[in-house]
Amino acid sequence: MSQQPPTKLPLHDIQGTVLDTYFDKHVGYFLLLRIKDAARTRKWLLDNHSRITSAQQAMQSQQASERNPNEVFLNIAFSYNGLKVLGVEPGLIDAFPPAFVEDSDTPFRARILGDVDTSASKHWNWGSQSNGTHVHLIVLAYFNNENWREEVDPSPEGFIELAQREYGMELVAFLDTSLLAGNKEHFGFRDLIGQPLVGEVGGKYGGNTIAPGEFVLGYENGFGKGRTSLVPSYLPPGDASEPLELGRNGSYLVFRQLEQDILGFWQYCCDRAKGGEHQEIPYGPVALASKMVGRWPSGHPLAKYWDEHAEHNGDPTLTPDPEPRGPLDRMVQAYRALLGEFHNELDNFDYIKDAKGEGCPFGSHIRRSNPRSWELATTTEESLRLSNLHRILRRGRTYGPPMMDPNMDTYRFPEVTRELSNIAHSAVEQVRDKIVAKLGHDDVEKHLLREVDKTAAAEALQQQLGLDDHERLVFRIFFVKRGVHFLCFNSDIERQFEFVQQQWCNNSKFAGLDSDADPLCGQHDGPGKSGMNPPTFTMPAPPLRHRCTGMKRFSTVKGSGYFLMPSISDVLRLARGEFGG
């Protein structure tokens, strides 16, 4: 087998979701499975590998003049232990990098990722060896038809039943997913902005165009000069003339389920913002939330659009009336949103003109996760090069029903939060007592973990509990969980995803700060917290900085795993047992 990469990316062999966001696929599911009979699982792979969606198919589908409403995009990935159970040659499988081999639930990687206390792997619903919820393979399915449960054949229930009866697999978790209105996540901010562009082999890289080997194994990476991302290989003893290799045209998938405390996040912002009980800043809760994110809810970056004294705190997409005042007003707002995307306003910026962090704070989520050309080296060019060595391709999706109305403007979230905060603690405890009496615990998410239609299952549970209208509201707000399925692709888990999480997001000393971890996904408390002082969020401002104290964890890890998403041809070779075993 040739070790020289081709001059172009073979889109027909790369699984589609590695290079495509699938934004036109609004709903889907992730099927987490464990292999019990490798021979029967390989038979399933052999019979179904042709159904895997390639990057070429995804691109052609989007360019087609007529779309198939029942089109399904399907991809598959394997954990280290999954490859091991499938019988991959031990010498080959041990050639994989340590992060993939160890997986994310080991104590060392938990310290790197900040997975402690309530985020510790022993509490996870899936992905943990310690509690027996480890995963061998994951099937990712995406649909553009809201009625996918009725349209797909076999149905998810039917497939799960076949998987356990015929394919030698057992279900660990069924996770459904959808895109919220406006591509926002549950905190109310537009998500998945700032994706890097994947350059062709041998192209010019820089700015937002990243070398393909940073994401696809076996190609030129960000170090240049012929350096390529490594493809695990092994030369068996004996007469073998060529080494076995597994991973070329594939990518490493990081999958983490992050439960979001939406009410807690907005309660904190309302409390610390202007007019709150513990006011610590001179502007409103949406402005504080935007400072934490680094963008306005619309996605416009604060580095370009921050002005706390401007009308509506400087969000360039808002009219004086946050609600459209008729058809013409709705057309104007839609046009502005389209125009902003057309000119790439959401991502065409750097921090050169915001060197002091007075617009976008140093500790904000987006400034940490991608510092761009900002002061990582002595020149902006070298800073950008270093920053680009730690980029990831994000493919996350939300899960769970929106806490607020799906079409509600984020600027109304504080108002609704104050209303929900008036729900009596006794009412919450009353509903909890009923749930515990029925289930033996109050973890509704765990109860629904293997349910395909979680909405129907939750409704059935409420009926069994005999909840009245107010109790149903309490159930929906406090016991039905929601969050983000964080998925990202990279060719080096340690240098890319783990570096960003440890050195930038969890680092309380980032950019000269004192005790400031990432306000959205950082570790603010518990063992291993890097800051010695109580957790804070600092915002530079003239003449004196603003600081919010008592920062809390607003995202909790409920499951995590590292997977290899092989090329489509390698999936076929796995099915045929060509990697040994």
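Evaluation of the side-chain hydrogen bond (donor to acceptor under 3.5 Å, both in side chains) rule for D442 yields R432 as partners, not counting sequence neighbours. Every residue two or more places apart in sequence or in another chain that forms a side-chain contact (heavy atoms from CB on, under 4.5 Å) with R576 is listed here: L46, L572, E578. Under the rule for a side-chain contact (heavy atoms from CB on, under 4.5 Å), P90 has no partner lying at least two apart in sequence or in another chain. Residues satisfying the side-chain contact (heavy atoms from CB on, under 4.5 Å) test with L384, not counting sequence neighbours, are S373, N388. For D191, there are no side-chain hydrogen bond (donor to acceptor under 3.5 Å, both in side chains) partners two or more places apart in sequence or in a different chain. D492 pairs by the salt bridge (charged side-chain N to carboxylate O under 4.0 Å, His left out) definition with R495, not counting sequence neighbours. Qualifying salt bridge (charged side-chain N to carboxylate O under 4.0 Å, His left out) partners for K43, counting only residues two or more places apart in sequence or in other chains: D47. Judged as a side-chain contact (heavy atoms from CB on, under 4.5 Å), and not counting sequence neighbours, the contacts of F499 are H390, Q503, W504. Partners of D105 according to the side-chain hydrogen bond (donor to acceptor under 3.5 Å, both in side chains) rule, which considers only residues two or more places apart in sequence or in another chain, do not exist here. For R42, the side-chain hydrogen bond (donor to acceptor under 3.5 Å, both in side chains) criterion is met by no residue, not counting sequence neighbours.
Here the side chains of S79 and V135 are not in contact, with every heavy-atom distance at 4.5 Å or above.
Counting all heavy atoms, side chain and backbone alike, K122 lies closest to N131 at O-ND2, 3.3 Å.
Salt bridge annotation for E459-K454: absent, with no cationic side-chain nitrogen under 4.0 angstrom from a carboxylate oxygen. Ion pairing of R109 with E102 is present here, as a side-chain N (NZ or NE/NH1/NH2) and a carboxylate O approach within less than 4.0 Å. Look at D115 and R256 and you find a salt bridge, because one of the NZ, NE, NH1 or NH2 atoms lies within 4.0 Å of a carboxylate O, short of that distance.
Side-chain contact, Y142 with D24: no donor N or O sits under 3.5 Å from an acceptor N or O. With hydrogens and angles left out, the side-chain atoms of Q15 and S54 include no donor and acceptor closer than 3.5 Å. Using a 3.5 Å distance cut-off with no hydrogens or angles, the side chains of H136 and N81 do not pair a donor with an acceptor. For the 3.5 Å distance criterion, the side chains of S229 and S491 fail to qualify, holding no donor opposite an acceptor. When only modelled atom types and interatomic distance are considered, N221 and E214 share no side-chain donor-acceptor pair under 3.5 Å.
Ring centroids of Y562 and Y252 are separated by 6.0 Å or more, keeping the two rings apart. In this structure, F255 has its ring center under 6.0 Å from that of F30.
Distance check, rounded to the nearest 0.5 Å: CG of L32 to NE2 of H134 gives 12.0 Å. Here the straight-line distance linking atom CZ of R391 with atom SG of C488 works out to 12.0 Å at 0.5 Å rounding. In this structure, CD in Q462 is found 8.5 Å from CD1 in I435, a value given to the nearest 0.5 Å. Put simply, CG on L487 and CG on L253 are 5.0 Å apart, with the number rounded to the nearest 0.5 Å. The structure places CD1 of I52 at 10.0 Å from CD of Q57, a figure rounded to the nearest 0.5 Å. Remark: L461 CG to L448 CG distance equals 7.0 Å, nearest 0.5 Å.
Within the structure, salt bridge (Lys or Arg N to Asp or Glu O under 4.0 Å) pairs that include any residue of residues 128-142 do not occur (at least two apart or interchain).
Enclosure of atom CG in L11 by more than 12 non-hydrogen atoms of other residues, nucleotides or ligands within 6.0 angstrom is indicated.
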Anything under 3.5 Å between a donor and an acceptor, one on a side chain of residues 392-400, the other on a protein residue two or more places apart or in another chain? List them.
| from | atom 1 | to | atom 2 | distance (Å) |
| --- | --- | --- | --- | --- |
| R394 | NH2 | I193 | O | 2.3 |
| R395 | NE | T17 | O | 2.8 |
| R395 | NE | D20 | O | 3.1 |
| R395 | NH2 | V18 | O | 3.1 |
| R397 | NH1 | K25 | O | 2.6 |
| R397 | NH2 | T21 | O | 3.3 |
| R397 | NH2 | Y22 | O | 2.7 |
| R397 | NH2 | K25 | O | 3.3 |
| T398 | OG1 | S178 | O | 2.5 |
| Y399 | OH | Q257 | NE2 | 3.3 |

